[in-house]
Amino acid sequence: MPAAPPSPIPAGLGQLAGCDPACPDELPDLLARLSCLPDPRRRRGRRHPLPYVLAVAACAVLAGAKSLTAIAEWAADAPDRLLFCCGAALRDPDRPCRAPSEATVRRVLQRIDGDAFDAAIGGWLTVRAAASRAAGQDGHPPTCPVRAAVAVDGKSLRGAVRSDGRCVHLISALRDDGIVLAQREVDAKSNEITAFRPLLDPLDLTGAVVTFDALLTQTDHAKFLVEEKRAHYIAVLKGNHPNLHTLVKDLPWKEVPLLDRTRATAHGRDEIRRLKAATVPGLPFPHADQALQIVRRRRSLRTGRVSIERVHALTSLTVYQANAADLAERVRGHWAIENREHHVRDVTFGEDASQVRTAGAPRAMASLRNLAIGALRLTEWNNIAAGLRHHGRDMTRPPAALGLT
């Protein structure tokens, strides 16, 4: 039986073999950013450029790949023209582009500089989102002034357990449109508090409202945001600031009028949220201007059980800078980091069940998932699972969504 003919080289592709590599300015923007990352591999024996391996991995994850093996399988099935769009090196005009093997993908993702990789992804998503908003493609008029909201929260990768028994723990900054601006890994001997400033320091937060939970409610963080980043904050108060929490909790809230009330039914429960806000001079917390009380009344649609939760918070926003509805939206928006990022990565990508756990690979896979989610949201896919299925049905769609065509 005659051997199957080799896959044909696309017209004109062989002419590019032996050409000088393209300058970063000539590459698509994502490849240009990836080309600036330090290559962790030894120079001898490299078969594939680093941006190429990362771009192929990004396309595969956008097509629904959940493991390193799945990434390599997607690359093996990709036609030569798509691999070339991803930055494949052509050294021999008589041979098609080579797809990176599973071993190559694994070594790269295990050794890649996680901070630089996240910075490249966050920078690309930010520029794409700004261009989309400026063009009025995401529903916002081009001249519409928007005070951006940034939610900061942490997440443990439960499937990525280190030899010491600890899970890989990441802290992320998520914008209100679902774009992950930055991500860092929390050191095993530390916590999210020490990672807060390095996470936000490279970002332009001028005028933004940063929300975070009680663990991150620290005086240094408030000073950093207002004095250095020229941003505002909404900080939740709990028992880690007992005196301040008691002071805010004991304010005469019964005498404060109800300013906002919303009701929503989702996730098997009916929830009513009420918000009160009061300007309190001399609050013993840097730049705090208003105290907030949020009351959540939840009723389970299945059992009828009712629970009531009271949460208190502080904000640097004055009554002239944010009305009650705006404050309520910011508080609710903080949970977007759970619903629009953490929940999606767990349920749609199966992140907690992932067996990728060696070296820096768990964080790199989380970064690729953030890139896939952001790229889908920028192309108006609110249902991420449906977006992954859509891109998985046609191999040309992931490179196009990432600007690699």
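FYI, the numbering just counts along the sequence from 1.
- We find that Arg363 and Asp113 are not joined by a salt bridge, their nearest charged nitrogen and carboxylate oxygen being 4.0 Å or further apart.
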Item to check | Full working for side-chain contact (heavy atoms from CB on, under 4.5 Å) between Val150 and Val209 | outcome: CA-CA 6 Å; Val150 178; Val209 181; over 6 Å; no

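- Across all their heavy atoms, Val311 and Arg296 have their closest contact at CG2-NH1, 3.4 Å.
- Heavy-atom contacts from other residues, nucleotides or ligands closer than 6.0 Å to CZ of Arg393 number more than 12.
- Pairing each heavy atom of Leu203 with each of Lys229, the nearest pair is O-NZ, 2.6 Å.
- Among residue pairs with one or both ends in residues 193-211, those qualifying as salt bridge (Lys or Arg N to Asp or Glu O under 4.0 Å) are Arg197-Glu228; sequence neighbours excluded.
- Distance check, rounded to the nearest 0.5 Å: CD1 of Ile112 to CZ of Arg107 gives 14.0 Å.
- Residue Leu31 comes nearest to Cys86 through the heavy atom pair CD2-O, 3.4 Å, listed as atom of the first residue, atom of the second, then distance.
- Checking Gln218 against His241 by side-chain atom types alone, no donor-acceptor pair falls below 3.5 Å.
- A distance-only check finds no donor-acceptor pair linking the side chain of Arg274 to the backbone of Ile294 [under 3.5 Å].
- Inter-residue side-chain proximity for Arg261 and Ile272 is flagged as met; some heavy-atom pair is nearer than 4.5 Å.
- A donor-acceptor contact shorter than 3.5 Å is absent between the side chain of Asp289 and the backbone of Thr315.
- Evaluation of the side chain to side chain donor-acceptor pair (under 3.5 Å) rule for Thr246 yields no partner, not counting sequence neighbours.
- Using bins of under 30°, 30° to 60° and over 60° for the plane-to-plane angle, the ring pair Phe224/Phe196 lands in the perpendicular bin.
- Rounded to the nearest 0.5 angstrom, Leu109 CG and Arg111 CZ are separated by 11.5 Å.
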Item to check | Criterion side-chain contact (heavy atoms from CB on, under 4.5 Å) on Asp220 and Ile193, from CA distance to verdict | outcome: CA-CA 10 Å; Asp220 290 343; Ile193 297 176; over 6 Å; no

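- A donor-acceptor contact closer than 3.5 angstrom is absent between the side chains of His287 and Ser316.
- Residues Phe212 and Val236 have side chains not in contact (no heavy-atom distance under 4.5 Å, counting atoms from C-beta outward).
- Lys276 places a side-chain N or O within donor-acceptor distance of the main-chain N or O of Val256, the cut-off being under 3.5 Å.
- Side-chain contact between Glu309 and Val295 is absent, with no heavy atoms from C-beta onward closer than 4.5 Å.
- Side chains of Gln290 and Leu327 form a contact here, defined as non-hydrogen atoms less than 4.5 Å apart.
- Put simply, the side chain of His169 reaches to within 4.5 Å of the side chain of Glu192, judged on heavy atoms.
- Asp326 contributes atom CG, which lies 12.5 Å from atom CG of Leu259 (distance to the nearest 0.5 angstrom).
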Next on the checklist: For His232 and Leu225: C-alpha separation, side-chain torsions, deciding distance, then whether side-chain contact (heavy atoms from CB on, under 4.5 Å) applies.
Outcome noted: CA-CA 7 Å; His232 296 280; Leu225 289 173; over 6 Å; no

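- Side-chain atoms of Arg345 and Asn370, non-hydrogen and from C-beta on, do get closer than 4.5 Å to each other.
- Ser367 and Gln183 form a side-chain donor-acceptor contact under 3.5 Å, judged by distance and modelled atom types alone.
- Looking only at distances, no side-chain donor or acceptor of Arg33 sits under 3.5 Å from a matching main-chain atom of Ala120.
- Atom CG of Leu174 sits about 9.0 Å away from atom OG1 of Thr211, to the nearest 0.5 Å.
- With respect to the salt-bridge test (charged N to carboxylate O, under 4.0 angstrom), the residues Arg298 and Asp270 do not qualify.
- Using a 4.5 Å heavy-atom cutoff, the side chains of Ser172 and Val152 are not in contact.
- When all heavy atoms are compared, the tightest approach of Leu199 to Pro202 is O-CD, 3.6 Å.
- No more than 12 heavy atoms of other residues, nucleotides or ligands lie within 6.0 Å of CZ in Arg310, so this atom counts as exposed by the packing criterion.
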Between side-chain atoms of residues 49-73 and protein atoms elsewhere (two or more places apart, or another chain), which donor-acceptor pairs fall under 3.5 Å?
| from | atom 1 | to | atom 2 | distance (Å) |
| --- | --- | --- | --- | --- |
| Tyr52 | OH | Arg98 | O | 2.6 |
| Lys66 | NZ | Thr348 | O | 3.4 |
| Ser67 | OG | Ala70 | N | 3.1 |

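- Put simply, the side chain of Thr379 gets close to the backbone of Leu376: a donor and an acceptor are under 3.5 Å apart.
- The NE2 atom of His334 lies 5.5 Å from the CG atom of Asp213; values are rounded to the nearest 0.5 Å.
- His391 and Trp381 have perpendicular rings, their planes meeting at more than 60° on a 0 to 90° scale where under 30° would count as parallel.
- Looking at heavy atoms from C-beta onward, Asp153 lies out of side-chain contact with Ile171 at the 4.5 angstrom threshold.
- Smallest separation of non-hydrogen atoms from Ala291 and Trp253: O-CH2, 3.4 Å.
- Proximity of a side-chain donor or acceptor of Tyr233 to a complementary backbone N or O of Ala288 within less than 3.5 Å is detected.
- Trp124 and Leu402 make their closest contact through CZ2-O, 3.4 Å (heavy atoms, listed as atom of the first residue, atom of the second, distance).
- Between Asp118 and Arg184 there is no salt bridge, since no side-chain nitrogen of the basic residue lies less than 4.0 Å from a carboxylate oxygen of the acidic one.
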Checklist entry - Could you go step by step and tell me if Asp29 and Arg128 meet the side-chain contact (heavy atoms from CB on, under 4.5 Å) rule? => result CA-CA 10 Å; Asp29 188 57; Arg128 285 288 294 266; 5.7 Å; no

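- The CD1 atom of Ile121 sits 8.0 Å away from atom CG of Leu30, with the distance rounded to the nearest 0.5 Å.
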